[in-house]
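A quick write-up on the structure given underneath.
Keep in mind it's a predicted model, so treat the numbers as computed, not measured.
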Amino acid sequence: MENNIAFVDSYHERNYIELVKNFMGKLNKDLYIVLKLLSIDEVYSVAKEYICGTTIKFKELLNDTRIINTSRFIVELAYSFYTRNFSVNELSSTRKLDMDTRNFIINILNYYEKKEKEVNTGRQRELDLVKGFLMIMIVFIHSFQTIAGAAAAESSVHKIMFALFMPTGACLYLFTMGFGSVFTRHSQPKDMVRNGIKLLIYQGISNLCYAAVMTVSYIIRNSITGEVAGSREVFEASRYFMLTFVNIFFISGMCYLVLALYRKFNVKLGGYIISALIVGIVTPFTKLLVSDNQALNWLLDMTFGGKGETSFCFFPYLSYVFLGYVFAKVIRRVPEDEKGAFYKKSGLVCGIVAAAWFVICIVMHPGVDGFFNYMIEQYRTPGLVKVVGTFCSIILVFAVAFFLMPIIEKWKFVYNKLCYYSRQISKMYAVHIGVYWTIAGFAAFYEFSVRDCLILSVVVLIVTDLLVQGYLKLTDKLKG
C-alpha cells in the first residue's frame, strides 16, 4: 500500500519514514494509511507527539488546540481509517488544503475504495443449491434416526450414508448460517439477539409439538387396533427423548447470540478465524466436563457434549459459524464474473485437502463400523482436524454447486424446488421431524427396514413440502 501512492513532497516522505520508524505496533494496510495521513506537514509536528509506542492517542490529538480546521480534517480522516468507522466533520476545510495535498488524499480514498469495496452483495445462488440439497439429505438421514428398526439403523446403507454426510450435514447448516448472517438485512447485534432468542423459543415449542403429535397419533392407533405389545415402553422412552431433544434450533440460537457479541465489539475477521481454531483445539478437552448432578450435566452436555446424552451441543459448532462468516466476507469482495476462477482455485485446493483427510480417516479407522463410529463421535464434538477437513469439504461443495448451477437451472422444477427448500429450510427442518414422529406413533413404533426408510424419506419430503406451503398460504391470507 505505502508504495502505490506518491507522497505530496519530500518533506511528507521524510515525515512518514520517521513515523514508521518510531511506531512500535504491528503495521497493516490501515495503519500505513493512518501514518501517511499523519505525516502531512499540516499535522505532523503535532501528531508525532501523540504516537506512543504501539498506540496513537487520537482523542487527545483532536483536542489539542494547535489542530486547526484544516489539519483537523486530516486527523479525523486518519482516525476513521484507524477505527474503520468513517466520521469526518471538517469537510468544508478541504478547500484550504493545497492542490498536491488534496490530490494525495483523493488518491488514498480512491485506492482504499477499490481495495475494500464489497462488490458482490446480492443473493449467492450457489448457497441456495447447497442448502436445498442439504435439506433433502437431512430428511433421508433422519428416517434412519427416527423410524428405523435396529437392523436398518445398524445397516451398512445407513452407516455409509451417514459417514458420507458427516463432512457436511449440521456443520454445513451452521456454516451457511454464519455465511447468511453477512448477507441478511437483519445483521445488527440487536437483530441477531432477537433471532437467537426466537430460535431458542422454537426449540422448546418444537419439542412440545413433536411429543404431542407422537402422543396423539399413538393414542389414535391404539384406539383403532389396540395397544401393540412392547410399544408402550418405546413410546415412553421416545416421549422423554423428544421433550429433552436438542436440535439445530438450540445450536443456531446460541450461535446467533455469540455472533451478536462479536458484531457488537467489532471483532475483525482475524478474530473469527482465531476463534474457530481455538474452539477446534479446546473441544476435545471441554467435552470432558461432566457432572454427577443430572440437571447440571444436561446443561454441560448440551453445551460441550461430554456425556453424549443430548443429540447436539452448541460450543463445538461455533467453529463452522465463524468460518462461514469469514467465507461470506471473502465472497463479498469477489466480483460475480470472477467467482468461477475463485471457485476453481479454492475448490481444487480444498478438494485435495478434503480428499486427503477423508482417505486418512478411512485408513486410520478401517471397516464400515470403525469409520462410522469415528465419524459419529467427530460429528458431535469435532476437533481441529475435523473442523479443517469439514471446512475444506464445504468449500468443495460450494464450488461444485457453483459449476453445476448452469445445468440445474435448465431443470426449472428442480432448481425452483431447491431454492424453495433453501429459503424455507428452518420450517422444513422443524416440520419433517414432526412428520416422522407422527408416522412412528401411527405405526406403534414398528421397526422399519432400510427399503421402508428410503421410501418413507421421499414421502416425508413431499408431505413436509405440502405442509410448509399450506402454512405459508394460510399466513399470507391472515396478513390480508
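Residues passing the side chain to side chain donor-acceptor pair (under 3.5 Å) test with Q469, sequence neighbours excluded: D465. Considering only residues two or more places apart in sequence or on other chains, K427 meets the side-chain contact (heavy atoms from CB on, under 4.5 Å) condition with Q424, V468, Y471, L472. F402 is linked by a ring pair (Phe, Tyr, Trp, His ring centres under 6.0 Å) to Y343, counting only residues two or more places apart in sequence or in another chain. Residues that satisfy the side chain to side chain donor-acceptor pair (under 3.5 Å) test with R125, not counting sequence neighbours, are E409. The side chain to side chain donor-acceptor pair (under 3.5 Å) test applied to Y420 returns no partner, not counting sequence neighbours. Evaluation of the ring pair (Phe, Tyr, Trp, His ring centres under 6.0 Å) rule for F179 yields F183, F327, F398 as partners, not counting sequence neighbours. Qualifying salt bridge (Lys or Arg N to Asp or Glu O under 4.0 Å) partners for E338, counting only residues two or more places apart in sequence or in other chains: none. With sequence neighbours left out, the ring pair (Phe, Tyr, Trp, His ring centres under 6.0 Å) criterion links F371 to F358. Partners of K287 under the side-chain contact (heavy atoms from CB on, under 4.5 Å) rule, at least two apart in sequence or in another chain, are E377, T381. For R194, the side chain to side chain donor-acceptor pair (under 3.5 Å) partners are D191, not counting sequence neighbours. Applying the side-chain contact (heavy atoms from CB on, under 4.5 Å) rule to M254 yields the partners L200, F250, L257, F314; only residues at least two apart in sequence or on another chain are considered. Residues satisfying the side-chain contact (heavy atoms from CB on, under 4.5 Å) test with I273, not counting sequence neighbours, are L277, V326.
The residue from I138, I433, L174 that alone fulfils the side chain to side chain contact (heavy atoms under 4.5 Å, CB included) condition with I248 is L174.
By the 4.5 Å heavy-atom criterion applied to side chains, W357 and V388 are not counted as neighbours. With a 4.5 Å cut-off on side-chain heavy atoms, Y272 and L259 count as touching. Inter-residue side-chain proximity for V321 and V258 is flagged as unmet; no heavy-atom pair is nearer than 4.5 Å. By the 4.5 Å heavy-atom criterion applied to side chains, L38 and I56 are counted as neighbours. Residues Y50 and D64 meet the side-chain proximity criterion, which asks for heavy atoms closer than 4.5 Å. Within the 4.5 Å cutoff, no side-chain heavy atoms of M137 are placed close to those of F140. Side-chain contact between M177 and Y256 is present, with heavy atoms from C-beta onward closer than 4.5 Å. Within the 4.5 Å cutoff, the side chain of F391 has no heavy atoms near those of the V353 side chain.
Rounded to the nearest 0.5 Å, atoms SG (C419) and CG (L127) are 10.0 Å apart. A distance of 7.5 Å separates CE in M375 from CD1 in I362, rounded to the nearest 0.5 Å. Note: T283 OG1 to L288 CG = 11.0 Å, rounded to the nearest 0.5 Å. Remark: S426 OG to M135 CE distance equals 9.5 Å, nearest 0.5 Å. Interatomic distance, CG of L418 versus CZ of F133, reported as 5.0 Å (0.5 Å rounding). Here CD1 of I395 is found 5.5 Å from SG of C350. Values are rounded to the nearest 0.5 Å.
A perpendicular orientation is assigned to the rings of Y429 and H142, their planes being inclined by more than 60° (bins at 30° and 60°).
Remark: side-chain polar atoms of S252 are not paired, donor with acceptor, to backbone N or O of F249 under 3.5 angstrom. Checking side-chain atoms of E126 against main-chain N and O of A399 turns up no donor-acceptor pair under 3.5 Å.
The shortest heavy-atom contact between Y325 and S181 is CD1-OG, 3.7 Å. Nearest approach of L318 to C255, heavy atoms of both residues: CD2-SG, 3.7 Å. Residue G280 comes nearest to V387 through the heavy atom pair CA-CG2, 4.3 Å, listed as atom of the first residue, atom of the second, then distance. Taking each heavy atom of S39 and N15 in turn, the nearest pair found is O-ND2, 3.0 Å. Among all heavy-atom pairs drawn from P382 and P316, the shortest one is CD-CB, 3.5 Å. Here the closest heavy-atom approach between residue P284 and residue I281 is recorded as CD-O, 3.3 Å.
In summary, the aromatic rings of Y262 and F322 are positioned with their centroids under 6.0 Å apart.
Crowding of F304 atom CZ: a count of heavy atoms from other residues, nucleotides or ligands under 6.0 Å exceeding 12.
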Residues L289, D301; criterion side-chain contact (heavy atoms from CB on, under 4.5 Å); working and verdict: CA-CA 8 Å; L289 296 171; D301 202 34; over 6 Å; no

